[in-house]
Amino acid sequence: MKKIKSVKDVLKAMQSYPAFFRKVWKATMQIPPGETRSYKWVAENIGHPRAARAVAMALKKNPFAPIVPCHRVIRSDGKIGGYSGFGGIKKKIYLLEKEKEQKT
DNA sequence: CGTATGGCTCCTC
DNA sequence: CGAGGAGCCATAC
């Protein structure tokens, strides 16, 4: 297992992943603070408006948690979707909600 | 190459 | 408006 120390490590790790993944992560990183985007949003941004599920795959494999705010990416329903983690995502969502209210 | 999996989205009832 | 079923896409084995 490799521990991510900085964005540079992320970029290096990206080299071991398909181009599609990198596009997904890049699009996800483009999401501004306090804002949320749907998988479809990312899918369209990378040029695959129908690959929302594939996008989810990339985010799931995403070893760059704080670099690629997968928690900032939600479903069209406005919900997280499922997240396979223990619940740490909830904390992230909480902070996200706070940011949203702050920037009002 | 074919099958299985997944943090989805859309359409129809 | 709410619930359910089918479809689409890419990765990993």
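Throughout, protein chains are lettered first and strands after them, A, B, ... in sequence-line order, and every chain is numbered starting at 1.
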Let me know the distance between [atom1] of [X] and [atom2] of [N], rounded to the nearest Å.
X       : N      : atom1 : atom2 : value
A:Tyr39 : C:dC8  : OH    : C1'   : 16 Å
A:Glu44 : C:dC9  : CD    : C1'   : 14 Å
A:Lys79 : B:dC8  : NZ    : P     : 13 Å
A:Asp77 : C:dA3  : CG    : C1'   : 12 Å
A:Arg22 : C:dA10 : CZ    : P     : 15 Å
A:Ile80 : B:dC8  : CD1   : C1'   : 13 Å
A:Lys23 : C:dC9  : NZ    : C1'   : 12 Å
A:Ile31 : B:dG7  : CD1   : P     : 17 Å

Return whichever of A:Val55 or A:Trp41 has its heavy-atom-nearest nucleotide of DNA chain B closer to the 5' end. A:Val55
Nearest-nucleotide comparison on DNA chain C, the residue closer to the 5′ end among A:Tyr17 and A:Ala52: A:Ala52
Would you indicate which nucleotide in [options] comes nearest to any side-chain atom of [X]?
X       : options              : value
A:Arg50 : C:dC9, B:dG7, B:dT9  : C:dC9
A:Leu59 : B:dG7, C:dT11, C:dC9 : B:dG7
A:Met57 : B:dC8, B:dG6, C:dT11 : B:dG6

To check you understand the geometry: which heavy-atom pair defines the closest contact between A:Arg37 and A:Pro32, and what is its length? NH2-CG, 3.9 Å
Identify the heavy atoms of A:Ala27 and A:Ile46 that sit nearest to each other, and give their distance. CB-CG2, 3.9 Å
Just to be sure I understand the rule, does A:Ala51 reach a base, reach only the sugar-phosphate, or reach nothing, if contact means heavy atoms closer than 4.0 Å? sugar-phosphate
Is it the case that the side chain of A:Asn62 and the backbone of A:Ala58 share a donor-acceptor pair, with hydrogens and angles ignored and the cut-off at 3.5 Å? no
C:dA3 pairs with, by Watson-Crick or G-U criteria that keep both distances under 3.5 Å: B:dT12
Watson-Crick or G-U wobble partner of C:dC13, both distances under 3.5 Å: B:dG2
How long is the straight-line distance from CD1 of A:Ile80 back to OG1 of A:Thr36, given to the nearest 0.5 Å? 9.0 Å
Can you find a donor-acceptor pair, distance only, under 3.5 Å between A:Arg53 side chain and C:dC8 base? yes
Compare side-chain N and O positions of A:Lys60 against OP1 and OP2 of B:dG7 and report whether any pair is under 4.0 Å apart. yes
Aromatic rings A:Tyr17 and A:Phe21: how do their planes relate, parallel, tilted or perpendicular, breaks at 30° and 60°? parallel
